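These notes are about the structure you will find just below.
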Number of protein chains: 2
Amino acid sequence: MTVTIYDVAREAGVSMATVSRVVNNNPNVKPQTRKKVFEAIERLGYRPNAVARGLASKKTTTVGVVIPDISNAIFAEVARGIEDIANMYHYNIILCNADKKKDKEIRVINTLLEKQVDGLLFMGGAVTEEHLQAFKTANVPIVLCATTDEQGVIPSVDIDHESAAFDAVQALIKAGHTRIAMICGTLQDPANGYARFQGYKRALEVAGLPYDESLVRIGNYRYESGVDAMKYFLELGERPTAVFSATDEMAIGAIHCIQDAGLKVPENISVISVDNSRMASMVRPQLTAVAQPMYDIGAVSMRLLTKLMKKEAVENARVILPHEIVNRQSVGSL
Amino acid sequence: MTVTIYDVAREAGVSMATVSRVVNNNPNVKPQTRKKVFEAIERLGYRPNAVARGLASKKTTTVGVVIPDISNAIFAEVARGIEDIANMYHYNIILCNADKKKDKEIRVINTLLEKQVDGLLFMGGAVTEEHLQAFKTANVPIVLCATTDEQGVIPSVDIDHESAAFDAVQALIKAGHTRIAMICGTLQDPANGYARFQGYKRALEVAGLPYDESLVRIGNYRYESGVDAMKYFLELGERPTAVFSATDEMAIGAIHCIQDAGLKVPENISVISVDNSRMASMVRPQLTAVAQPMYDIGAVSMRLLTKLMKKEAVENARVILPHEIVNRQSVGSL
DNA sequence: CTGTTAGCGCTTTCAC
DNA sequence: GTGAAAGCGCTAACAG
């Protein structure tokens, strides 16, 4: 039924070992023999069994990727960066959505490890002790992607979320705004939530602006929660003249909420965010945002993982990618 | 170093077979023995090797997914549907981007098959003879997802693209429009391109409206190409009063182009599309669109694949999911 | 209910 | 430059 390496060997009149050599491009084969083998392979329609190879060689050339939600544009972009580089180095990826739920994350990490992936890319919520525990039992390299562990012990690739938020808010302050609201992610989320909130507070502090709790709303990263938060701000006695959103999607919700209320962006209220997803230029006014290089985060983390898997020396295993503000039309001066 | 089933057997004082039974939940094990084995597993930190299991059982509980581009919101949504159901049936997915390029598609199909996936979900461009050839050599089930083969021989899950386009254009016609433009995908693309174009033409025809070549532009599915196409239409001597876009993203480009020209949607020009991605409600005016149930297409195709993999009987191996028009604010009556 | 015994299809020393 | 043989870690009959 299925043709094996042994069949090819017999057909070509050589041993299994030789067939294995030509399939794996081992140079120690006489060109003539190589040719015979290739012909036999062709004739029989032989397809190497990667599972058997994996068992024998203890390498599967596949890496596991745990991601919060592939249907989220931001993560999908990271995933594309990962897969492109994986592909370049002849790895495949097993993709698992874990929705930033700790239990699900631990579970998929374990099944990925059972499947003998050669490495693991982890993109999730907080990295807890349990995560660290699970990582420890893996005897393959792991890199955190668009995530970092407070402990600072696992290789990772990310931007500096605190500083990105700081820059965004500072841009608002430079434009003359003093009453700046924030639409935040949950503070349980170390990157998009907590760190960006800290950046917001620090920018205020550095500028000598007071921190006003009523100017902060927690959203769930979705468009609607941006709308809701903005609705709240608009009803405030003294409403903000600018809002900083932790993500593009909530920012767009805020913009539409402002417009639906008969106000204009940026004339009446300025909006800025961190992300710079493709949607940022797909709104009117186009969204000014601090760009987070998602594709690159994916690509760089995969590249780092390949080095780790090959046991190459890496100079810096905790890389912070630069972010930059891209000025479009949603921020105006006061 | 690595603890194997044999180690567990020795530790628990039973045979490998027994350990295998408890790991695989085989009921034929005395509770007491089961307990002993679990304890040994716990003590040793045993983790079953899925590769070895795959070799022995000829099942990997992983399926291959070839997708055009995971960073495209539409496909990402399908992917989420696939993964959710896969997960539910304890399968993992290996994800490969192939950008609708034939060569890349054939290549990844083959590596997926080498990796001994238990089934294949194919989402791509046209299904050519070469594809069929590659599918034939696979001895695992394959289902086309958001794609169909003209030949009609491969199980598939999709919507009726022609009819979806027809419905969209008909909605415009019912609203009194007679000069209707179309922003189309490439005609080489059977679904988003060719079929939707056919639906457009048929709706015109059924309504007794003339087909005017100058009212059709080919886009590349991206926002910018929607802008460009619309720009062209606006410069026409007699410009259209409505435009049908093959995808949301191009439709949003068109809307913004119209607005940037100082015109209003839908007062001056109506816009409708097929897709209904999450972005449809994230524009002003909100986009009226024929909804394509992407998540469901993914979920249903994965469900179908599980049945095929289990060799269960399936009544209908070519499922067409229903589409429906969701009326929002971008279409007005004439 | 439990153990023995063959493989699954390949890689990898080690000889020659 | 090539072959023989021993596993890789597990499942799956088959016995008992």
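In what follows, every chain begins at residue 1, and chains take the letters A, B, ... in the order their sequences are listed. What you see is a predicted model; the values in this text were computed from it and never measured. When reading the values below, keep in mind they use all heavy atoms of this one structure, side chains included, and skip hydrogens, waters and symmetry mates.
Contact of A/R34 with D/dG1 (side chain to base): no donor-acceptor pair of N or O atoms is detected under 3.5 Å.
Between A/T18 and D/dG1, a side-chain N or O to OP1/OP2 separation shorter than 4.0 Å is absent. Residue B/S15 has no polar side-chain atom (N or O) positioned under 4.0 Å from OP1 or OP2 of C/dT2. At least one side-chain nitrogen or oxygen of B/N24 sits closer than 4.0 Å to the OP1 or OP2 atom of D/dT11.
Side-chain atoms of B/S20 lie closest to D/dT11 of the nucleotides C/dT2, C/dG3, D/dT11.
If you check every strand for non-hydrogen atoms under 4.0 Å, B/V14 touches sugar and phosphate atoms only.
Ring centroid separation for the pair B/Y194 and B/H161 does not come in under the 6.0 Å cut-off.
Following rounding to the nearest Å, B/I41 (CD1) and D/dC10 (P) show an atom-to-atom distance of 10 Å.
Residue pairs meeting the side chain to side chain donor-acceptor pair (under 3.5 Å) criterion with at least one partner in residues 50-60 of chain A, sequence neighbours excluded, are A/T60-A/D118.
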Every protein N/O lying under 3.5 Å from an N/O of nucleotides 6-9 of chain D:
unit_1: D/dC8; atom_1: O3'; unit_2: A/K58; atom_2: NZ; d: 3.3
unit_1: D/dC8; atom_1: O2; unit_2: A/A56; atom_2: N; d: 3.2
unit_1: D/dG9; atom_1: OP1; unit_2: A/K58; atom_2: NZ; d: 2.9
unit_1: D/dG9; atom_1: OP1; unit_2: B/T2; atom_2: OG1; d: 3.2
unit_1: D/dG9; atom_1: N2; unit_2: B/A52; atom_2: O; d: 3.3

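The side-chain heavy atoms of A/S156 and A/V143, taken from C-beta on, include no pair separated by under 4.5 Å.
Between the B/T147 side chain and the B/L144 main chain, no donor and acceptor come within less than 3.5 Å of each other.
Remark: B/R318 engages B/D149 in a salt bridge (charged side-chain N to carboxylate O under 4.0 Å, His left out) (not counting sequence neighbours).
Considering B/T61, B/N49, B/T62 in turn, B/T61 is the only one that fulfils the side chain to side chain donor-acceptor pair (under 3.5 Å) rule with A/K115.
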